[in-house]
Amino acid sequence: MTVIPRSFYGCDTVDVAKKLLGKILVRQINGEMISGIIVETEAYRYKDDEASHTYRGMTKRNRAMFGQVGKAYVYFTYGMHYCVNAVARSPDYEAGAVLLRSLVPQQGIDFMMRQRSTSDISNLTNGPAKLTQALNVTIHEYGEDLTKQSGLYIIEGLKIKKSDIVSGPRIGIKKATDKMWNFKLRTDVLSKL
DNA sequence: AGCGAGATGAGCT
DNA sequence: GCTCATCTCGCTC
C-alpha cells in the first residue's frame, strides 16, 4: 500500500483528474479503515474555467484550491451536502482541484451503510455528496493532507488504461459545458470490480 | 424508470 | 434575493 506522493498532484488539473481513476480513497476513523476505489472525477481549474469556484478569484471558502497541492478542498453546498476535491494544478496555474464524484466501496462497508442509512451497496458512494456522507467527510477535513497517512488520504490502486476512461461534460453545472472534464471508468470495466 | 419538488444554508450581486 | 460542482422521495407512465 503506497500513499500517492505530492508530486502526483503537481501536474495539470485535467491530467490529474484522469490519473486519479483507480486510486483508492482511504478514511481512517478511530483505527477503522473505510475505503473505496475512485471511479469518477471532474477537473475544476481557474480563470479559464467559468464553472470553477475559483473563476472569480480567491475567497475564504476556496482558498484551499490556491494552497499546497495534494490537500483536500471540502465545500458545503445545497444547504446540506459536502463534496471533496483533491487540490491539483501545474505550476502554470494558481488554482485547481479534482472533484471526487464516485467510489466503489472496498473496506468499511458496514460503516458506510450506517452513515447512509441504507444496505444498498450500489447506493453508498455513487455521487459526490453520497461518498462524503458514507466516509463521514465534512468541513472538518478541509485542508487535510491526502499525501500523509492521516484521517483522509489516497493510495495506489488499480492500473487503468487510457482506453478504459470515458470523458464527458461535467455534471450538474450550466457553465462551461463545452469542457469535457468529467472522467469515469467504462461501465464494462466497472462491472468487473 | 423518469420527472418535479422540497430540503436548507452559504456565497455572491 | 437568487444561485448552487446534490440527494431523496413521491407521483406518473
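So that the names make sense, note that chain A is the first sequence line, chain B the second, and so on, each numbered from 1.
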Write down the distance between [atom1] ([X]) and [atom2] ([N]), rounded to a whole number of angstrom.
{"X": "A/E42", "N": "C/dT6", "atom1": "CD", "atom2": "C1'", "result": "12 Å"}
{"X": "A/M80", "N": "C/dA5", "atom1": "CE", "atom2": "C1'", "result": "16 Å"}
{"X": "A/L131", "N": "C/dC7", "atom1": "CG", "atom2": "C1'", "result": "13 Å"}
{"X": "A/F76", "N": "C/dT6", "atom1": "CZ", "atom2": "P", "result": "14 Å"}
{"X": "A/N123", "N": "C/dT6", "atom1": "CG", "atom2": "P", "result": "15 Å"}
{"X": "A/R61", "N": "C/dA5", "atom1": "CZ", "atom2": "P", "result": "7 Å"}
{"X": "A/Y55", "N": "B/dC12", "atom1": "OH", "atom2": "C1'", "result": "15 Å"}
{"X": "A/Y82", "N": "C/dC7", "atom1": "OH", "atom2": "C1'", "result": "15 Å"}

With a non-hydrogen cut-off below 4.0 angstrom, is A/A51 in contact with a base, only sugar-phosphate, or nothing?
->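 It contacts base atoms.
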
Mind checking A/L99 for me? I need base, sugar-phosphate or nothing, with any heavy atom below 4.0 Å counting as a touch.
->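 Here A/L99 touches the bases of the nucleic acid.
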
Taking the six-membered ring for Trp, does A/Y78 stack with B/dG9 (centroid gap under 5.5 Å, planes within less than 30°)?
->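 Check failed, A/Y78 does not stack on base of B/dG9.
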
Hey, what's the ring geometry for A/Y73 with A/Y142, parallel, tilted or perpendicular (30° and 60° as the breaks)?
->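 The arrangement is perpendicular - the two ring planes meet at more than 60°.
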
Does [N] have OP1 or OP2 sitting under 4.0 Å from an N or O in the side chain of [X]?
{"X": "A/K174", "N": "C/dC4", "value": "yes"}
{"X": "A/K175", "N": "C/dA5", "value": "no"}
{"X": "A/T59", "N": "B/dC12", "value": "yes"}
{"X": "A/R116", "N": "C/dT8", "value": "yes"}
{"X": "A/R56", "N": "B/dG11", "value": "no"}

With a 3.5 Å cut-off and just heavy-atom distances, do the side chain of A/Y75 and the base of C/dA5 make a donor-acceptor pair?
->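 Yes, a donor-acceptor pair under 3.5 Å.
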
What do the steps show when you test A/D164 against A/L21 for side-chain contact (heavy atoms from CB on, under 4.5 Å), and what is the final call?
-> CA-CA 10 Å; A/D164 290 339; A/L21 294 176; over 6 Å; no

Have a look at A/S52 and tell me which of A/D49, A/D48, A/T54 forms a side chain to side chain donor-acceptor pair (under 3.5 Å) with it.
->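 It is A/T54; the other options fail the test.
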
Which is it for A/V104 and A/L185 under the side-chain contact (heavy atoms from CB on, under 4.5 Å) test, yes or no, and what are the steps along the way?
-> CA-CA 11 Å; A/V104 170; A/L185 291 184; over 6 Å; no

Should we count NZ of A/K184 as having more than 12 external heavy atoms under 6.0 Å?
->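 No - once you tally the heavy atoms of other residues, nucleotides and ligands closer than 6.0 Å, there are 12 at most.
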
Hydrophobic cluster membership, A/I171 vs A/Y78, 4.5 Å side-chain cutoff =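 Per the 4.5 Å side-chain linkage, A/I171 and A/Y78 are not co-clustered.
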
Under a 3.5 Å cutoff on both atom distances, Watson-Crick or G-U, what's the dot-bracket for DNA chain B ([ ] crossing, | other strand)?
-> |||||||.||||.

5′-ward residue of the pair A/Q133/A/N85 relative to DNA chain C =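 By nearest-heavy-atom nucleotide position, the 5'-most residue is A/N85.
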
Within-4.5 Å side-chain heavy-atom neighbours: A/I4 and A/L146 =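 No, too far: nothing below the 4.5 Å cut-off.
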
Under 3.5 Å, is there a donor-acceptor pair linking the side chains of A/T13 and A/R45?
->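 Side-chain D/A pair, A/T13 to A/R45: absent.
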
In terms of side-chain heavy atoms of A/A129, which of B/dG9, B/dG11, C/dT6 is nearest?
->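 Nearest to the side-chain atoms of A/A129, counting from C-beta on, is C/dT6.
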
Residue A/H81, side-chain heavy atoms: nucleotide from C/dT8, C/dC7, C/dA5 that is nearest |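 Comparing C/dT8, C/dC7, C/dA5 against the side chain of A/H81, the answer is C/dC7.
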
